Amino acid sequence: MERKLIVTSSPHIKTPESVQSVMIDVLVALFPAALAGVIFFGWPALLTMVLCTVSAMVAEALVLREKNIFGDGSAAVTGLLLAMVLPPAVPWWISVLGGAIAIIIGKQVFGGIGNNIFNPALVARAILLASWAGHLTYWVRPVDLTTAATPLELGADAFSFTNLFVGAIPGSLGETSAFALILGAAWLFYKGHIDWRIPGGYIGTVFVMGLLFEGFGSPMAMVSAGLFHVLAGGVLLGALFMATDMVTSPVTARGRLIFGIGCGVMTMLVRLYGAFPEGVTFAILLMNALTPLIDNLTLPTKYGEVAK
Amino acid sequence: MSFKTFKGGVHPGHFKSATEKKPVVPAKPPTVAIIPMSQHIGAPCEPLVAVGDEVKVGQKVGDSKGFVSAPVHSSVSGKVVKIDMCNHPLGRPVQAVFIENDFQDTWHEDVKPNDDWKNLGVDDLKKIIREAGIVGMGGATFPTHVKVSPPPDQKIDYVLINAAECEPYLTSDHRAMLERPEDVVIGLQTVMKVVNAPKGYIGIEDNKPDAVEAMKKAAEGIDNIEVHALHTKYPQGAEKQLISVFTGREVPSGGLPSMVGCVVQNVGTCIAISEAIRLGKPLIERNVTITGSGINEPKNMLVRVGTPMEEVIEQCGGFKPNIRKMILGGPMMGLAQSGPENQPVIKGTSGILCLTDAEVTLDEIRPCIKCAKCVEVCPVSIMPLFIGGSVEHGMYDKAEAFNAMDCIECGCCTYICPAKRPLVQWIRMAKGDIAAKRRK
């Protein structure tokens, strides 16, 4: 009998998980928030998501000269994440341009998947914001899509907590519904792709800083000020889906906690003292830059290292 | 009493159902036994016989003067027909004595039961263990007499029996515990006596409740031996991890278990020790699990050392046509072989695992996405992704700085990696390079 045995190094069995399956899990996790975006902001939101995603996938396929435009799925994730942080009714060409910028400038110039330092979707958003500030801050009210200001611009009393939680508020396409974001993130927790440290550190810090800096008066007022800062703006989307980006966040356990807390502090510093009402994008990008340093400073103690 | 578990680890499927309920059956003795001169870690043996010599079962046919070494014995009676090279799981051919079986099973005169075995002194026990050629039968094959001779300044508090059998597919230790629990206990007691340890623990993964039951029964009434069910988690049976679980102690980096007062033995080793002191029988046979979807009839067999793999496989109905990989040991740490030809079962052969086309994938290595799953599962808390990245770029110094030398090569990192990066293989490369540099 003709036998052809393969000789490879152990282990000989491996997890069925692949880069593609991880990316598909992320897409699944983004689905509730995407759906909420379409429910609240209608067809323009759907168009924005489709254009960003397709543009990112095409850009990646072109750069890598691949025929299969879905590839490992990471470009689709980047594109969809970008759409999530854009205003729902952004012009179509901004979506297309944004998807391409995210992949080419945010990812491929660094060497492609795994090598980029900054979250590609946020790189694109930062560039778009710097270039077309008007388009990037054109907010609309849910359902009727008339011009409106966001909760962070208006202050804590403008919207009820129910609306903040459900997402019936003006804001970026995918950031408004706390409920949908938490639901999606639960999937990522369940699949073991993210742990509590980054979201916990981030959200906890925002809550505590909001409570300390703006919650004058009764304990109730303090808690609601903290809660407001968590629910308004992009903190949940940032903490659950952007800061947790595997490639650009620390790999050590302690490092992830520090990273999350750092994101929270930076976000609140921008919100409280900065020129913009919102600081999530810049907070995460800044902490992305510190990721290698954080990793180096938080290497775990190896087994058997004698404690001195 | 509850034990804290060790950090890290993975949960691959068990794949044990094919053989876990099958009692161990004796394999047919070989027509020609191939006895390799090196079946252990350490100095290889020199043949003590010449072509044409008549040998008997249990006769020593190879020995070495090195301390870290273990003699080898004939598993059949018959005539030495050849002294030549044979294949070895480690991939390099070794010298072996080929003995044609006369099927008389005439035992050597030195093999005789010891009625007074309970009163043997420590030195006698050590001598018997050495002369019986006993080595760690979990697969690492470290000579047992060396393990039970720690430096005099190191006091041993615990003897731990690794009965976890955490490798998927393997069931030979499981069956041994069900069928010969008394021997396991005698082996443990012997080691405790030799190293003067006041306490003995037997740790079994909780996916083998019947084995836990059997061992508890066998250890009943012996107040310094405890049997415990452990979480089913790979690598539960790794020496350092077992020590952490039972004692909370960590073996110092680069050190040995005895430095934290522990000696760890495998189930099969205990049985071999028991047979050696009670029956005077050297290590000439062992339990082997022959399994996987690439074999026709998966079995647990008691195989004589030196039996050609081909004869063992034949007794299991042969390979299936779609076999693609033959592994000696389990799927996590076992060694893939190019084939069974000219290769005998040796003291360290715990299993012959046959995988088919469908189970063997050659994955494309993709860039690291820094998901940190390898960091989470690493039982020794090193950074597999950084070591792998360093080796990929030829930076072995950096690999050393990330503690490559502390790797226990359990393979959890490679198992879990979604980018299918051969991390443990890269770490082994780094270890080889670093060790070579240190020797200079």
Side-chain angles (χ1 to χ4, degrees), chain A residues 1-23 25-26 71-74 77 111-117 191-195 197-198 244-253 255-256 291-292 295-296 298-307, chain B residues 7 10 12-13 168 240 244 250-255 319 321 323-327 331-339 353 355 359-363 366-373 375-376 379-383 385-386 402-403 406 409 411-412 414-420 422 424-425 428:
Chain A
M1 181 176 62
E2 179 68 17
R3 264 189 291 108
K4 274 209 195 112
L5 296 186
I6 293 178
V7 179
T8 57
S9 180
S10 65
H12 306 287
I13 51 174
K14 287 176 191 164
T15 173
E17 219 161 65
S18 65
V19 171
Q20 194 180 54
S21 78
V22 172
M23 294 303 162
D25 282 334
V26 178
D72 59 18
S74 62
V77 169
I113 187 167
N115 295 312
N116 50 303
I117 298 163
K191 296 293 278 184
H193 298 321
I194 61 177
D195 71 4
R197 291 181 178 84
I198 292 175
T244 52
D245 169 31
M246 293 165 173
V247 175
T248 56
S249 62
V251 295
T252 66
R256 287 202 290 272
T291 291
D295 269 337
N296 266 319
T298 57
L299 292 177
T301 312
K302 70 182 181 192
Y303 176 100
E305 192 142 54
V306 183
Chain B
K7 184 205 151 288
V10 295
K240 290 177 174 181
S244 290
E250 286 193 10
V251 181
S253 173
F319 289 134
I323 181 172
R324 183 40 68 90
K325 218 178 206 183
M326 182 183 116
I327 297 154
M332 292 300 289
M333 288 190 82
L335 298 161
Q337 306 295 313
S338 56
L353 173 58
L355 299 180
E359 294 155 308
V360 179
T361 49
L362 289 173
D363 302 297
R366 307 196 66 97
C368 172
I369 56 168
K370 303 190 176 67
C371 66
K373 286 177 200 278
V375 179
E376 279 159 37
V380 292
S381 299
I382 59 175
M383 306 295 284
L385 81 165
F386 290 159
F402 283 119
N403 303 320
D406 286 275
E409 303 185 22
C412 287
T414 307
Y415 172 84
I416 207 76
C417 181
K420 310 297 170 194
V424 69
Q425 196 180 345
R428 277 190 209 115

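Owing to the predicted nature of the structure, the values given are computational and were not obtained by experimental measurement. Here is the naming used below: chain letters follow the sequence lines, and residue numbers restart at 1 for every chain.
For the pair B/Gln425/A/Thr8, no side-chain contact is recorded, criterion being any heavy-atom separation below 4.5 Å from C-beta on. No side-chain heavy atom of B/Pro422 sits less than 4.5 Å from a side-chain heavy atom of A/Ser9. Two residues are said to be in side-chain contact when any heavy atoms from C-beta on lie closer than 4.5 Å; A/Ile113 and A/Val19 meet this criterion. A/Val22 places a side-chain heavy atom less than 4.5 Å from the side chain of A/Met246. At least one side-chain heavy atom of A/Ile13 sits under 4.5 Å from a side-chain heavy atom of B/Pro168.
Contacts between B/Leu362 and chain A at a heavy-atom distance below 4.5 Å involve the side chain alone, from C-beta outward. Residue contact with chain B, scored on non-hydrogen atoms closer than 4.5 Å, involves the side chain of A/Asp295 exclusively. Within the 4.5 angstrom heavy-atom criterion, only backbone atoms of B/Cys417 (N, CA, C, O) approach chain A. Contact annotation for B/Arg324: both backbone and side-chain heavy atoms come within less than 4.5 Å of a heavy atom of chain A. Of the atoms belonging to B/Met332, heavy atoms from both backbone and side chain fall under 4.5 Å from chain A. Using a 4.5 Å cut-off between heavy atoms, B/Cys368 touches chain A through its backbone atoms (N, CA, C, O) alone. Heavy atoms of A/Thr301 lying under 4.5 Å from chain B belong exclusively to its backbone. When heavy atoms are compared at a cutoff of 4.5 Å, A/Ile194 does not approach chain B at all.
For the atom pair B/Leu355 CG and B/Ile327 CD1, the distance stands at 4.0 Å (nearest 0.5 Å). To the nearest 0.5 Å, atoms CG (B/Leu353) and CG (B/Leu335) are separated by 12.0 Å.
Within the 3.5 Å criterion, the main-chain N or O of A/Gly192 finds a donor-acceptor partner in the side chain of B/Lys373.
Each of A/His12, A/Lys14, A/Glu17 has some count of heavy-atom pairs under 4.5 Å with chain B, and the biggest count is that of A/His12. Each of B/Gln337, B/Glu376, B/Lys420 has some count of heavy-atom pairs under 4.5 Å with chain A, and the biggest count is that of B/Lys420. Taking chain A as the reference chain and counting heavy-atom pairs below 4.5 Å, the highest number among B/Ala372, B/Gly411, B/Pro331 is found for B/Pro331. Comparing B/Val375, B/Ile382, B/Val251, B/Val10 by how many heavy-atom pairs each has under 4.5 Å with chain A, the most go to B/Val251. Per-residue counts of heavy-atom pairs under 4.5 Å with chain A were compared for B/Lys240, B/Glu409, B/Glu359; the largest is that of B/Lys240.
Contact detail for A/Pro11 and B/Tyr415: the closest heavy-atom pair is CG-N, 3.9 Å.
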